[in-house]
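Written below as structure tokens is the structure these notes are about.
Nothing here was measured: the structure is a model prediction, and the numbers come from that model.
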Amino acid sequence: MLVPAVLTGCAGAAQYYEGTGVHDATVAEVAGAWENIEGTRVVLRKDGTAQVEALDEADFAFDDGLRLSGTGTWTLTDKRGGQRVRLDLTKRTKVAIRSSSPSPSAVPVAPTMTDDPLSVDFWRFHVDRDQRGELVLFFFVGDPDIGNTYVMRREAASGPEAP
């Protein structure tokens with residue numbers, strides 16, 4: 001009996017998360033500028049391109065403290081459990097280190113394109129709706145057993161028809 005307990009002991013919220021159940025978001029509705037309280041800004045354009053500013057990494061990589069900026073692509077997918085936005089950062093322009101100070105140190109990176117799928121940074125945002133029916137994007141950060149989320153909300157001046 002000890003073996004099953006050990007195998008399931010590390011299975012947290014993110015590992016068993018099946019999705020939000022949202023299946024009605026459109027590309028036009030997802031397109032636009034998104035932000036969070038940490039100063040991250042992500043612009044998802046209708047043509048499938050993206051601009052990323054200071055986006056923290058997902059899952060366990062979040063604990064490394066890297067905040068990435070650059071350009072890439074995005075797609076809206078629909079799985080049984082709900083919709084997701086896959087964001088691929090194909091060109092890094094800046095890497096910053098998250099810290100508790102108001103101005104994190106920045107490490108400039110020479111802009112480079114990559115065709116190597118293993119070197120592309122990517123995120124899978126779950127698509128959800130808040131109490132007002134507005135879209136919310138989120139992914140899990142840190143230890144999946146804890147279930148912490150990184151939430152992106154529509155930028156105040158941005159609507160579904162923005163960039």
Give a yes or no answer on whether the side chain of Arg98 reaches the backbone of Asp64 with a donor-acceptor pair at less than 3.5 Å. no

In terms of side-chain geometry, is the basic nitrogen of Arg41 or Glu155 positioned less than 4.0 Å from the acidic oxygen of its partner? yes

Distance, nearest 0.5 Å, that separates CZ of Arg45 from CD of Gln51: 5.5 Å

Would Arg86 count as a cation-pi partner of Phe125, with NZ or CZ less than 6.0 Å from the six-membered ring centre and within 45° of the ring normal? no

Could you check whether Asp24 pairs with Arg129 (Lys NZ or Arg NE/NH1/NH2 to Asp/Glu carboxylate O, under 4.0 Å)? yes

Donor-acceptor pair, distance only, cut-off 3.5 Å: does the side chain of Trp123 make one with the backbone of Phe138? no

Distance (rounded to the nearest 0.5 Å) between Thr149 OG1 and Phe139 CZ: 9.5 Å

Does any part of the side chain of Val52, heavy atoms only, come nearer than 4.5 Å to the side chain of Thr71, both counted from C-beta? no

Distance-only donor-acceptor check, side chains Thr49 and Asp47, under 3.5 Å: yes

Could you check whether any side-chain N or O of Asp88 sits under 3.5 Å from a backbone N or O of Thr90, counting only pairs where one atom can act as donor and the other as acceptor? no

Please report the C-alpha distance between Trp74 and Leu89 in whole Å, then the side-chain angles of each, then the deciding distance to 0.1 Å, and finally whether the side-chain contact (heavy atoms from CB on, under 4.5 Å) criterion is met. CA-CA 9 Å; Trp74 71 279; Leu89 186 69; over 6 Å; no

As an exercise, state the distance from NZ of Lys79 to NE2 of His23, rounded to the nearest 0.5 Å. 12.0 Å

Any chance you could lay out the side-chain contact (heavy atoms from CB on, under 4.5 Å) test for Val127 and Leu135, step after step, and finish with the verdict? CA-CA 7 Å; Val127 177; Leu135 284 184; 3.7 Å; yes

Go through it in stages, so that I can follow the logic: the residues are Asp130 and Arg153, the test is side-chain contact (heavy atoms from CB on, under 4.5 Å), and I'd like the CA-CA distance, side-chain angles, deciding distance and then a yes or no. CA-CA 10 Å; Asp130 63 16; Arg153 297 196 181 277; 3.9 Å; yes

Taking all heavy atoms of Arg124 and all of Arg84, pick out the closest pair and write down the distance. CD-NH1, 3.3 Å

Have a look at Trp34 and tell me which of Leu55, Leu137, Thr40, Val151 forms a side-chain contact (heavy atoms from CB on, under 4.5 Å) with it. Leu137

What's the shortest heavy-atom distance between Ala50 and Leu87, and which atoms? CB-CD1, 3.5 Å

State, to 0.1 Å, how close Gly39 and Ala54 come at their nearest heavy-atom pair, and which atoms those are. O-CB, 4.5 Å

Quick one, Val136 and Met152 - any side-chain contact, counting heavy atoms below 4.5 Å? no

Side-chain touch Glu53/Lys94, heavy atoms, less than 4.5 angstrom: no

Does a side chain donor of either Ser69 or Arg92 reach within less than 3.5 Å of an acceptor in the other side chain? no

Going by the angle between their ring planes, with limits at 30° and 60°, are His126 and Phe140 parallel, tilted or perpendicular? perpendicular

Are Val30 and Val85 packed together at the side-chain level, in the sense that at least one heavy-atom pair is separated by less than 4.5 angstrom? yes

When you compare the side chain of Leu76 with that of Gln83, does any pair of heavy atoms fall below 4.5 Å? yes

From Asp56 atom CG to Leu68 atom CG, the distance as rounded to the nearest 0.5 Å: 8.5 Å

Do you know the tightest heavy-atom contact between Phe62 and Gly142? CB-N, 3.7 Å

Are Ile97 and Tyr150 connected, step by step, through hydrophobic side chains (Ile, Leu, Val, Met, Phe, Trp, Tyr) whose heavy atoms are closer than 4.5 Å? yes

